[in-house]
Amino acid sequence: MTVLLELKSVSRQFGGLNAVNDVSFQVSQGEILGLIGPNGAGKTTLINLITGVHPATSGRILFDGQDITKMRAHQIARKGLARTFQVVQPFPKMTVLENVATGALFAGGATGLKDAFAQARQHLEFTGLGDSVDKLASTLTLAKRKRLELAKGLAMRPRLLMLDEVNAGLNSMEIDDALRMIRTIAERGVTIIIIEHLMKVMLSTAQRIVALHYGQMIADGVPDAVLRNPRVIEAYLGSKYAAAHSGSSA
Amino acid sequence: MKRDWVILVCGAAAIGALGWSGDNYFIRLLTILCMYATLAQSWNFIGGFAGYPSFATAAFFGLGAYTSGVLQNQGLPILMCWGLAGLCAAVFAVLIGGAILHLRGHYFAIATLIIAEMLREIVNTTPNLTGGGMGLNLPILRISVDVQSRVFLLAMLVLAVVTTAAAILLQRSRLGFGLRCIQQNESAASILGVNAYQYKTAAFGMSAVFVGMAGAIYASWVNYIEPPDVFDILIAVKPLVMVLLGGIGTIFGPIIGAMVLLALEELVWRNFLTVHAAALGVIIILLVLFLPNGLFSLLKDLSAKRAKQ
Amino acid sequence: MIYFQILANGLMLGALYACIAVGFSLVWGVLNVINILHGTFIVLGSYIAFFAFRFAGIHPFVSVFIAGFVLFLMGYAIQSAMINRVIAAPVLITLTLTFGIDLVLNNAMLVAFSADYRKINLPSPLPSFEVASIFLPGDRVAAMGLALLLTILLYFLLRATNVGRAIIAVRMDREAAALMGVDVKRVNAITFGIGALMAGATGALISVIYPISPLNSSAFLGKAFVVCVLGGLGSVPGALVGGLMLGVLESFGGFWFGPEHAVTLSFGLLLILLFARPGGLLGKRGYE
Amino acid sequence: MSREWTSKLLTRFAIAGAILGSAVVAGQAQETIRVGAPLPMTGPLAPEGAKQKKGYDLWAETANAKGGIKANGKTYKVEIVYFDYASNTPRAVQGAERMITEDKVNFLFAPFGSGASKAASSVSERYGIPTIAATASSAEVYDQGYKFLFGTLTPNETVTEPIANIVTSKNKDVKKVAILARNDLFPLAVAQQMEKSLKAKGMEIVAFERYAIGTMDHSAAVTQMRAARPDWVYATGYVNDLILIRKQMNELGLRPKVITMVAGPAYREFAEATGPLGENISSVAWWHPAVRYKGKDVFGTTEAFNKAWDAKYKGEADYAEASAAAAGAILQLGIEKADSIDPKKVRDALASLDVETFYGKVKFGPSGQITSLEPPVFQLRGGKTVVVWPEAVKQGELEFFK
């Protein structure tokens, strides 16, 4: 299998804090990779580094063999890396359709506004938002907003899609829907990195899991093996105890 | 979109016809209206579409006025000077935009304020080129008063129409779409592939080019320019008030705002000799406190209420 | 030798600039409001001192307290009645609102006091004293001392009192402060009031130095802007450092390049600084 | 507190509005001559605007009290139409055009200062409306070849030559001069003219500093001038600049033998504001209440004018106020001489005027600028102005600082 994304000793400091510390792993074409870790482990920061929201302090990030470490966010987006946000970020004053069309227009290769809207409609049908196209994004329910995020990501025609807690706050029926959708996307050949707290989701969806703790990679392997890894268990339990006493760092 | 074009053509024709038949003072008012509309529309590119609170309008206006004034005194033909003034303002905006468009909110606002102050001081301290604090006289056009006033109205009208046309085109373009994304959430826009930096710079440049030309036409029109006048902070604030009046980020909002502001100004200047500044202040206060979304929102609210009943 | 005089001039000017800016910085930092009214507040303080001196013979340095008190009430009222209604709106809106209020207030002063320049002539002004051929004007030095004292008082007010802690809490996180039971609207009004108080007190102080007229307000406002950006928002030490820096810079700039370029120089520096360090020289980290 | 304050303010607005409204209504009933006066009533030039307004008002009142202006077999009341251009020159131009086309004024008073007068004169010239400028002294205003513009202030060199003469002839020790000028039309022009006059006398200019408009601190300039050890400091600017410069000169130990300031000291508020520091400052004005002329105008003698002024405003007029009143009186003379209110005829009458007024001899040169005045030199003493030149109206000798 060909390697699509490769991280080589990637680090990022904020002030004196090592948010991400010397992380290296690879993601193969067509893979679904899970990214786990307790709160504050650096998962979202890592996604931010890959998508160019923050520059890495050191290390290199390769996408399809090309060094994207120093590229800016919009350039990376156009290369075919899409993401959703943990805290959903729709454009509140635009309609659902327009929200999705932005992705198609600026990174999805749409030839013009008309084309972008046509593409956006398809993605909205796929994500089950076909009945909400003309609503303002700010009026949607949380579950629908999460799906809107997904549709926006898809509209970018990504080769790699990073899903940051798309299931948080959803009920179990909504989660099942979402997972079905994710699998369908993967079957179309899109590589996926998924961040999730719910182990059930991870076990049923991810083919491989990378675990982070305090910015460091502590495990990389098939789901069963990673979840039995003592360092991973300690990280979760330990952090729970820590949370009970002093509150976790964010 | 089609409707926008129809309104634009009809509006322009109406102003043109009114101007042709009116007396000189009325023509002067219409000329100011077109100038205001140009300024407000231009501000809307950066302030409304992109959401960057710019006070650089005064800088661009003064720069255009002085560019054209200085060049005209060198003997260049007037139309060429107007064009060069627009170009100069746009190039200046793109260069300065490169330096300050990474600033957000307050800091951007201040930086734009300072740019106008800087330019004003530069003009003040280069009397050999610009006349400094003494002001600058432009060559007088040797044509009759009546023709002159109509020529300048026509020039401003054409400029206002072109600016509005640019706004209509922008709204339905890739650039306009990207700017709206930036206005609502810049980092999310970047993630979606919008080159925020480039787009903002383009919007800043667009907000300068027509203002620069307006300044140039204005300079030729009043025949005499001086720094405190063409770099006046009010030139930067009024477009903002107009856009607030008419509704932010819309096509005809700025023009409605320009009409309303001009009408209020005329009314207030005529009737409150020594307290017109206060009257303008009261208008601004009422506007901000009670109609933050512009006059249109009032109409919308009313019609919504009626619909409910 | 002349350089010491230039430096002394700059420091004295800078202390005044710091005082002019500190209230503006507080309001900006805590409320996120660019208070265009600030210059007018200062002038109002000067007028209070002027009339107190003319009709009651009160020394302007005593009027500092009167002016501060009156302006506090005024600021409190303006914030509660108007600005609080739109405090959550974008910067542009609150800025436009204060601009509108400023037009009204300034025009009112113009009608009430006329634009004539007035000056307080103390019957026994403090003399200039000369140290090693450096001239130090007495009343400027005294005003500078009082200005520093006020600034230090403000600093301790913010650090050591409940009100101060509430202000800092609001500055750091409005929502969290509200959740912790802070009456945010009231704290807003108090903060704006304190900003106005500092402006009024400064106005009374500088009434012994500058001619008084409503027309001066924009000049004061401009200086406050520059100082804030130089020193960083919402910080008393920042305002102090920014003010002194600006004073020294203008003094030396005027000496080397001619007084007509002093302002251009300070603006140029400001632009460079905005480009390089938008957070100001001291950065912004809570109001301390 | 806030509400009470607001209501007070609103009441004030309402009253102001009512007064203005009624004034406009009252004026329209009779046969009137309307004179347009765009003035800076707000903004940085507001103090100057207020002075001009006082002068115009006194003239209109006096003319009407004496039965109005007779011309063409009719008697006309005078009405002045004001327009606040907020110290914004193009607003003044716009106001001038509005007054001519909308308010149908017969004549115009130019706005304040050389720059605005020059700008506004292009409008009145186009419409052929006689315009009198009461506060424009720079020759550039009048050298445009305009036919309808007249000015009541003599050119700048007439205010620099006399004082240069007096100082150099009285005190041979005065050799080094430092000049500090506001970087602005009139102040800079006068300073440059002074430099010429002084160089012609063989004086040494040891410093020529300019300060920006709106400068809040002059310590750098003063320190630099002090280093040059001048015998004479010549500063130009407006009242607020000059007050601050004087104060900082004192604070920083700059103590020359002569201090001359233009054009602030002629104004009462300068003497009030500087207090003891104003003592012995010399200056020049285009007119002074101590001059004595037997005018053929509506005011009559200078004494009569002073009396009328004192009755209405208390105290003495300064040159700007008197010049504004004179502009009205001169316009009236022109109308009466033409015996018509036809703009062209009045223009010709003004151009050929050669008459004595309370303000001085009035005769306009070919450019329209008055050429017949002798601007007096004076010095502040005990808060009062004392004329030291010309000989005919001299009240004392020029004193030097020790």
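So you know, we letter chains A, B, ... as the sequences are listed, proteins then strands, and number each from 1.
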Could you tell me whether the side chain of C:Phe99 reaches within less than 4.5 Å of the side chain of B:Leu234, counting heavy atoms only?
yes
Residues 31-40 of chain C: residues contacting chain B (heavy atom under 4.5 Å, by number):
C:Asn32, C:Ile34
Which distance, rounded to the nearest 0.5 Å, do you find between the OG1 of C:Thr98 and the CD1 of B:Ile284?
10.0 Å
Most chain B-contacting option - heavy-atom pairs closer than 4.5 Å, from C:Thr96, C:Ile93, C:Val86:
C:Thr96
Between B:Ala99, B:Gly51, B:Pro53, which has the largest tally of heavy atom pairs under 4.5 Å with chain C?
B:Ala99
Region of B:Ile283 in contact with chain C, defined by heavy-atom distances below 4.5 Å
neither
Applying a strict 4.5 Å limit to non-hydrogen atoms, the region of B:Tyr52 in contact with chain C is neither
Pick one of side chain, backbone, both or neither for C:Leu95, based on which atoms fall under 4.5 Å of a heavy atom in chain B.
side chain
Of the backbone (N, CA, C, O) and the side chain (C-beta and beyond), which part of B:Leu280 lies under 4.5 Å from a heavy atom of chain C, both, or neither?
both
From C:Arg85 CZ over to B:Leu289 CG, what is the distance, rounded to the nearest 0.5 angstrom?
5.5 Å
Do the side chains of B:Glu117 and C:Phe225 get nearer than 4.5 Å, heavy atoms only?
no
